[in-house]
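Just so you know, these numbers use all the heavy atoms, side chains as well, and skip hydrogens, waters and symmetry mates. Proteins come first, then strands; the chains are lettered A, B, ... in the order of their sequence lines, and each starts at number 1. What you are looking at is a predicted structure, and each value in this text was computed from that prediction instead of being measured.
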Amino acid sequence: MTPEQLRDVVRTAVAAAVDRGALSVEVPGEVVVERPKNPEHGDYATNVALRLAKPAGLPPREVAERIAEELRAHPGIASVDIAGPGFLNITLAQGALGRIAVQAVTAGEGYGHTAVLAGQKLNLEFVSANPTGPVHIGGTRWAAVGDALARLLETSGAEVTREYYLNDAGAQIDRFARSLLAVAHGREVPADGYAGSYIGEIAAQVLAAEPGLLDRPEDEQLQVFRKRGVELMVAEIRSSLAAFGVHFDVFFSETTLHQSGALEKAVARLREQGHVYEADGAVWLRTTDFGDDKDRVLVKADGEPTYFAADCAYYLDKRARGFDRVVIMLGADHSGYVGRYKALVAAAGDDPDEHLEILIGQLVNLLRNGEPVRMSKRAGTVVLLDDLVEAIGVDAARYALARASVDQQIDIDIDLWTRRTNDNPVFYVQYAHARISSVLRNAADLGLALGEAADVDASLLTHERENDLLRAIGEFPRVISSAAELRAPHRVARYLEELAGTYHRFYDACRVLPRGDEEATPLTTARLWLCAATAVVLRNGLGVLGVSAPERM
RNA sequence: GCGCCCGUAGCUCAGCGGAUAGAGCAGGUGCCUUCUAAGCACUUGGUCGCAGGUUCGAGUCCUGCCGGGCGCGCCA
C-alpha cells in the first residue's frame, strides 16, 4: 500500500465514523499522512484527529480513538496506536508495505508521475542571458534549476514550454557590435564595450563568413557585425546549454517584438485600460496603482521604448499564446523587477497572483583560495558554464547547483570543485545506483530473474532495513509532486541522498544474492525486486535533475 | 531610508505548523578470503541570531530589533 492509498483509507475511515454517528464533522477533502521520523511511531502517522478535534468538540485523543476503530478493520493495516496529543500511528500489514517495491518496478519510468498539475499549461522562462557573451556561472545555476523544475512540472502532469528570452535589441547589442568592429580593425574596444577573448573569436568568425567586409562602409560593417555576431553568440550559447543537457522549446527574440509592432499594441492596450499617462515628454505606466514603488516609463522622451515596454509586450505575447501561467526565473540582482512586473500584469487586466509567477534565486559566488572572485564580463574575469563543466563535469555541476534551495546563496570554491574530491554528494547517490546495477548483473549471471510480479512474496520483506527502504521508495511520488508545487527541485536531490543512504544501510545488513553453493530462495527474489525498485527511483529522481545514473563506477 | 533573500553542529547546508531538530564534510573508534569499502556501524558536536506574539503544538507563521547579501535609472 502506498501512502497515497493509505491517505484514501484514512479519509474513508473518517467518513465511516461520521456515518455511524461517532463524529459530527465535515469530512476533510485532504488528510495528511506522513512518515514519522521515529520508527516506534509506526509506518505512517496522521494528524487528522488533531485537526478534527475542535470542529468535533471532542478531545483529540477521543477523536483519534473513534477513527482508529474504523482503521483497524482494514485488512491492509496491522495496528493503529494513539500517541502523544492525538496522532494516529499506523503499522501496515506484512506484505502491504512490500507491494510498494512491486508497484515501483511495474511502473518503471512512470513511477513518480502524478496528475497533480494536470491541465496546467505553463511557460517557464529561465537563463535568458544576454547574447553579448557566453553563459556565465550565474546563468548556469538557472539552467540547472530551471530545467530540473521543468522536468518536475512535467512529471507532475503539467504542460511546460521552456523558453529563453533573447535580448537581441537595444544599447547593449550596439556595444557588442561596436566591440566586434573595433577588434576586427585591431583597435581598442570602446570604454563601454565588451572585452572578453570571445569577442576576438566571434569577430574572426564574422570576417570568415563575410569576406571583404572591412572594405565596406563602416556603418554597414557595424550592421553585419551586429547581426552575424548575435547569431554566432546565440549559437554558442545554445551549444553550451545543449552540452549541459538543457534544451529550450522557444528562443524568443526581443527584436521580433519591436518589428511586429507588438510594443505599440501593448502600450495601446494598457492605455485602453486607463493606466497610461504622459509626463515630462515620456509615456508612463501608472504601476503605483498596483503596488509598485514608482511609476515606470514605457516610452522615453526621445521616442525610444524602454526595456520595460518590451517586457509588457512579451508578457502579453505569452498570454496570447495560451499559457495559463507565466513563470519567470530571475537572479536576485533583478528582484527589483517583481513589483513592476506584477503591476503590469494587473494593469493589463490579468491577475498577478494567478497568471504570473516570478521565482527569484540568489546569486552564485565564486571563491578562489577562499577569496570571492570579482566577476566582470567586460574584463573577461568570469567563470563560464563551459569552465564549470570542464572542471567538474555535467553531472556534478548540475547536481551541485540543483541541490541547494534557490533562496540560498551558493559559495562555490573553485579549488575545491576542481580538486574532484568526493565531497560531492552526487557520487554518493550515483554510487548507490551503480551498486544496485552490479547486484542485478550478478543475479543475471547466476540465472536469477525478477520473474512475474504476481509471484513475488512481498511479505518476506520483514527486516527493519527492508521496511525503511520500502517506506522511502513509497515517498517518491509525493516528493516529486510537492517539489513541483513548491518549485523546489532541491528537495528531490535531498530525498535521493536519503534514499541512497537507506539503500547502503540495507545492503550492509541484508544479503541479496545466495553465497557459494546456497540456493536462491523466495526471499532472494523479493530482495531483487526491492533492489530493482530502488534503482527505478534513483534513475527517475536523477533524471529529473538531469543527472546520469551510471551502471558502473 | 525602502523592498527581497539569508542567519540551524567546527564547515557547507536540509527541515510544505507536528512527536526526541537532521545529512554530508571535518575529528575519534571499529568493519572487506562473502553481492562495488565512492560503503556501513558506533562516537564527538546545537541558547535553531535576539526579544515578544499567535495555538493543543513554532526552527517553520506575525511584529520589532541585530548581523550579512542583493536591488532600488527616461540603463539594459
Chemist: Pairing of RNA chain B as dot-bracket, 5' to 3': ( ) intra-strand, [ ] crossing, | other strand, . unpaired, with Watson-Crick or G-U pairs under 3.5 Å?
Modeler: (((((((..((((....[...)))).(((((.......))))).....(((((..]....))))))))))))....

Chemist: Tell me which pairs pass side-chain hydrogen bond (donor to acceptor under 3.5 Å, both in side chains) where either residue lies in residues 476-494 of chain A, with sequence neighbours left out.
Modeler: A:Glu357-A:Arg487

Chemist: Under 4.0 Å between a side-chain N or O of A:Ser438 and OP1 or OP2 of B:rU36?
Modeler: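 Result: yes.
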
Chemist: Which atom pair, heavy atoms only, marks the closest approach of A:Ala262 to A:Ala313?
Modeler: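 Looking at all heavy atoms of both residues, the closest pair is O-CB, 3.7 Å.
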
Chemist: Please compare A:Glu34 and A:Leu363 by the position of their nearest nucleotide in RNA chain B and report the one closer to 5'.
Modeler: A:Glu34

Chemist: By nearest atom, which of the nucleotides B:rA19, B:rU36, B:rC16 is closest to the A:His41 side chain?
Modeler: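 Selected nucleotide (nearest to the side chain): B:rA19.
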
Chemist: So, for A:Tyr503 and A:Phe506, is the gap between ring centers shorter than 6.0 Å?
Modeler: yes

Chemist: Tell me every residue that passes salt bridge (Lys or Arg N to Asp or Glu O under 4.0 Å) with A:Asp295, counting only those two or more places apart in sequence or in another chain.
Modeler: none

Chemist: Compare the minimum distances between each of B:rU36, B:rG15, B:rA19 and the side chain of A:Arg441, then state the nucleotide with the smallest one.
Modeler: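 Ranking B:rU36, B:rG15, B:rA19 by closest atom to the A:Arg441 side chain puts B:rU36 first.
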
Chemist: Which of parallel (below 30°), tilted (30 to 60°) and perpendicular (above 60°) describes A:Trp284 and A:Tyr277?
Modeler: parallel

Chemist: Have A:Thr502 and A:Asp468 got a donor and an acceptor in their side chains that come within less than 3.5 Å?
Modeler: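 No donor-acceptor contact under 3.5 Å links the two side chains.
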
Chemist: Please report the distance, rounded to the nearest Å, between NE2 in A:His433 and C1' in B:rG39.
Modeler: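 To the nearest whole Å, that distance equals 17 Å.
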
Chemist: Between A:Asn167 and A:Gln172, do the side chains contain a donor N or O and an acceptor N or O under 3.5 Å apart?
Modeler: no

Chemist: Considering non-hydrogen atoms only, spot the tightest contact between A:Gly541 and A:Val492 and give its length.
Modeler: O-CG1, 3.8 Å

Chemist: Answer with yes or no whether A:Asp333 presents, from its side chain, a donor or acceptor under 3.5 Å of a partner atom in the base of B:rG71.
Modeler: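 Per atom types, no contact qualifies.
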
Chemist: Can you tell me, in whole Å, how much space there is between the C1' of B:rC31 and that of B:rG46?
Modeler: 30 Å

Chemist: Counting only side-chain nitrogens and oxygens, does A:Lys300 get under 4.0 Å of the OP1 or OP2 atom of B:rG73?
Modeler: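 Checking A:Lys300 against B:rG73: no side-chain N or O falls below 4.0 Å of OP1 or OP2.
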
Chemist: Between B:rU36, B:rC70, B:rG18, which nucleotide has the shortest distance from any of its atoms to the side chain of A:Ala332?
Modeler: B:rC70

Chemist: Over how many whole Å does the gap from A:Leu538 atom CG to B:rU36 atom C1' extend?
Modeler: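 Between C1' of B:rU36 and CG of A:Leu538: 15 Å.
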
Chemist: Could you measure between the two C1' atoms, the one in B:rG24 and the one in B:rC40, and give it in whole Å?
Modeler: 15 Å

Chemist: Determine the interatomic distance between P on B:rG49 and the same-named atom on B:rA58; round to the nearest Å.
Modeler: 16 Å

Chemist: With A:Ile90 as reference, evaluate A:Val33, A:Leu71, A:Asp81 under the side-chain contact (heavy atoms from CB on, under 4.5 Å) test and give the passing residue.
Modeler: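 Of all the options given, the one that passes is A:Leu71.
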
Chemist: Without decimals, in angstroms, what is the distance between A:Asp292 CG and B:rC4 P?
Modeler: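 Roughly 13 Å, once rounded to whole Å.
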
Chemist: I want to confirm an ordering. Mapping A:Arg478 and A:Leu88 to their closest nucleotides on RNA chain B, which one lands closer to the 5' end?
Modeler: A:Arg478

Chemist: Measuring from the side chain of A:Tyr431 (C-beta onward, heavy atoms only), which nucleotide among B:rG71, B:rA19, B:rU36 has the closest atom?
Modeler: B:rU36

Chemist: When the C1' atoms of B:rA51 and B:rG69 are considered, how many whole Å apart are they?
Modeler: 24 Å

Chemist: Quick one: what's the B/S/- string for nucleotides 5-12 of chain B, heavy-atom cutoff under 4.0 Å, read 5' to 3'?
Modeler: SS------

Chemist: Listed in order of residue number, which residues of residues 497-507 of chain A have a non-hydrogen atom at under 4.0 Å from RNA chain B?
Modeler: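 Heavy-atom contacts with RNA chain B come from A:His504, A:Arg505, A:Tyr507.
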
Chemist: Apply salt bridge (Lys or Arg N to Asp or Glu O under 4.0 Å) to A:Arg296 and list each qualifying residue two or more places apart in sequence or on a separate chain.
Modeler: A:Asp292

Chemist: Between the base of B:rA19 and the side chain of A:Asn89, is there a donor and acceptor pair under 3.5 angstrom?
Modeler: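 Yes, the side chain and the base share a sub-3.5 Å donor-acceptor pair.
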
Chemist: Do any side-chain nitrogens or oxygens of A:Lys294 fall under 4.0 Å of OP1 or OP2 in B:rC74?
Modeler: yes

